[in-house]
Amino acid sequence: LNWHILSLCVIAAMETQLSNGPTCNNTSNGPSTISNNCSSPVESGSIEDSKTNLIVNYLPQNMTQEELKSLFGSIGEIESCKLVRDKITGQSLGYGFVNYVDPKDAEKAINTLNGLRLQTKTIKVSYARPSSASIRDANLYVSGLPKTMTQKELEQLFSQYGRIITSRILVDQVTGVSRGVGFIRFDRRVEAEEAIKGLNCQKPPGATEPITVKFANNPSQKTSQALLSQLYQSPNRRYPGPLAQQARFVLILTHALNHVPLLSFYSRFSPMAIDGVTSLAGINIPGHAGTGWCIFVYNLAPDADESILWQMFGPFGAVTNVKVIRDFNTNKCKGFGFVTMTNYDEAAVAIASLNGYRLGDRVLQVSFKTNKTHKA
DNA sequence: TCGGATT
């Protein structure tokens with residue numbers, strides 16, 4: 001058994017290609033995205049800074065403040081430079097500020113560095129709006145959008161409430177179709193508040209379902225567990241480390257003791273192995289969500305929570321997301337949940353191992369998620 | 001007995 005598990009670990013080892021969504025490009029914010037060149041700065045920001053201070057967006061996750069300063073320092077003398085990080089985790093939030101001494105250098109930096117490709121990202125360089133409380137927390141998260149709605153239509157819908165700084169509609173990485181989720185950043189918080197009042201739970205013109213509009217979280221905020229998982233499954237790892245092996249072993253052994261035979265999952269072929277990800281375009285593969293492999297877990301207890309899913313699936317490899325589906329009113333688990341795993345092989349092993357697993361007095365059913373819907 | 005989605 002142990003030997004099989006070790007072999008499996010080798011077979012299952014695949015390159016992790018973590019891509020953080022579609023590469024940002026500077027046209028994606030649409031034609032109505034305003035210039036941040038503040039000819040009439042408002043409130044507390046200094047007028048001088050408006051011509052020297054730049055905001056740099058869509059920086060690669062691993063870029064440091066020093067690297068940012070080095071890159072922009074190649075243009076001219078920098079007065080100050082700040083990479084914005086999450087207060088708690090220290091993770092880069094993917095943007096920063098560069099303040100030049102000379103306004104000419106700021107202009108030059110926009111002309112030469114805006115649109116520069118760094119790793120998987122295309123950075124955006126523009127004048128920073130003066131810092132002020134009124135422009136903070138003006139970013140909205142919008143869900144339930146009709147899949148046909150374009151970014152332009154989204155902006156049209158929201159523009160009645162104020163000046164839009166940026167907008168975006170998230171798309172499936174594989175199919176390119178809208179995920180029905182987007183973002184709108186207004187110039188001022190009060191505008192965002194009005195948009196929530198006016199549009200939350202409303203049907204956009206021609207739509208059949210109401211949309212949800214609320215304040216957005218910070219970009220790429222992950223749970224501490226997902227961060228741990230990411231750390232633990234480092235991108236260059238080819239084989240699971242001793243800890244992973246141990247955990248797998250324990251789990252699979254537990255499974256064996258549960259008197260459910262293991263499937264011959266190691267002989268199963270992986271669709272990822274045909275000719276890589278490109279072969280997946282337009283093909284509907286169960287559980288494949290573009291960002292990973294989505295697994296359906298059925299027969300969870302009413303009091304089940306996310307931690308049990310992390311505990312069960314984590315040992316099999318990179319888990320990026322878990323979700324227990326709860327009843328809106330009672331907040332009790334509706335009996336099922338979802339787990340997203342990065343690598344097909346690890347997901348397949350987890351499914352093969354955990355399907356039929358006895359959790360308390362329940363026997364779990366675990367499979368790739370399908371497109372079933374309860375709607376009529 | 002197959003959601004919600006966080007650039």
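In what follows, chains carry the letters A, B, and so on, assigned in the order in which the sequence lines appear, proteins first and then strands, with residues in each chain numbered from 1.
Nearest to the side-chain atoms of Val181(A) among the listed nucleotides dT6(B), dA5(B), dG3(B) stands dA5(B). Here the nucleotide nearest the side chain of Asn321(A), chosen from dA5(B), dT7(B), dG3(B), is dG3(B). When the nucleotides dC2(B), dG3(B), dT6(B) are ranked by their closest atom to the side chain of Cys294(A), dG3(B) comes out on top. Of the candidate nucleotides dT6(B), dC2(B), dT1(B), dT1(B) has the atom lying nearest to any side-chain atom of Gln365(A). For Lys214(A), taking side-chain heavy atoms from C-beta onward, the closest of the listed nucleotides dG4(B), dC2(B), dT6(B) is dT6(B). Comparing dT1(B), dT6(B), dA5(B) against the side chain of Tyr298(A) picks out dT1(B) as the nearest. Listed nucleotides: dC2(B), dT7(B), dA5(B). Nearest to the side chain of Lys147(A): dA5(B). Checked against dT7(B), dT6(B), dC2(B), the side chain of Thr166(A) finds its nearest nucleotide in dT7(B).
Across the protein-nucleic acid pair, Glu209(A) atom CD and dG4(B) atom P stand 12 Å apart, rounded to whole Å. The nearest whole Å value for the distance from the CG atom in Leu309(A) to the C1' atom in dG3(B) is 13 Å. With rounding to whole Å, Arg326(A) atom CZ is found 16 Å from dG3(B) atom P. As rounded to whole Å, 12 Å separates atom C1' of dC2(B) from atom CG of Leu300(A). With rounding to whole Å, Leu140(A) atom CG is found 16 Å from dT6(B) atom P. Distance CG (Leu170(A)) to P (dA5(B)): 11 Å, rounded to an integer number of Å. Atom CG in Leu59(A) sits roughly 15 Å away from atom P in dT7(B) (whole-Å rounding). As a whole-Å value, the separation of Lys323(A) NZ from dT6(B) P is 9 Å.
Annotation for Val181(A) and Leu145(A): closest pair C-CD1, 4.1 Å, computed over non-hydrogen atoms.
A salt bridge (charged side-chain N to carboxylate O under 4.0 Å, His left out) check over residues 88-108 of chain A, counting only residues at least two apart or in different chains, returns nothing.
With ring centers used as reference points, Tyr141(A) lies under 6.0 Å from Phe183(A).
At a threshold of 4.0 angstrom between heavy atoms, the contacts of Tyr141(A) include nucleobase atoms, whether or not backbone atoms are also involved.
Under the rule for a side chain to side chain donor-acceptor pair (under 3.5 Å), Asn111(A) has no partner lying at least two apart in sequence or in another chain.
Ring geometry for Trp293(A) versus Tyr344(A): interplanar angle over 60°, hence perpendicular rather than tilted (30 to 60°).
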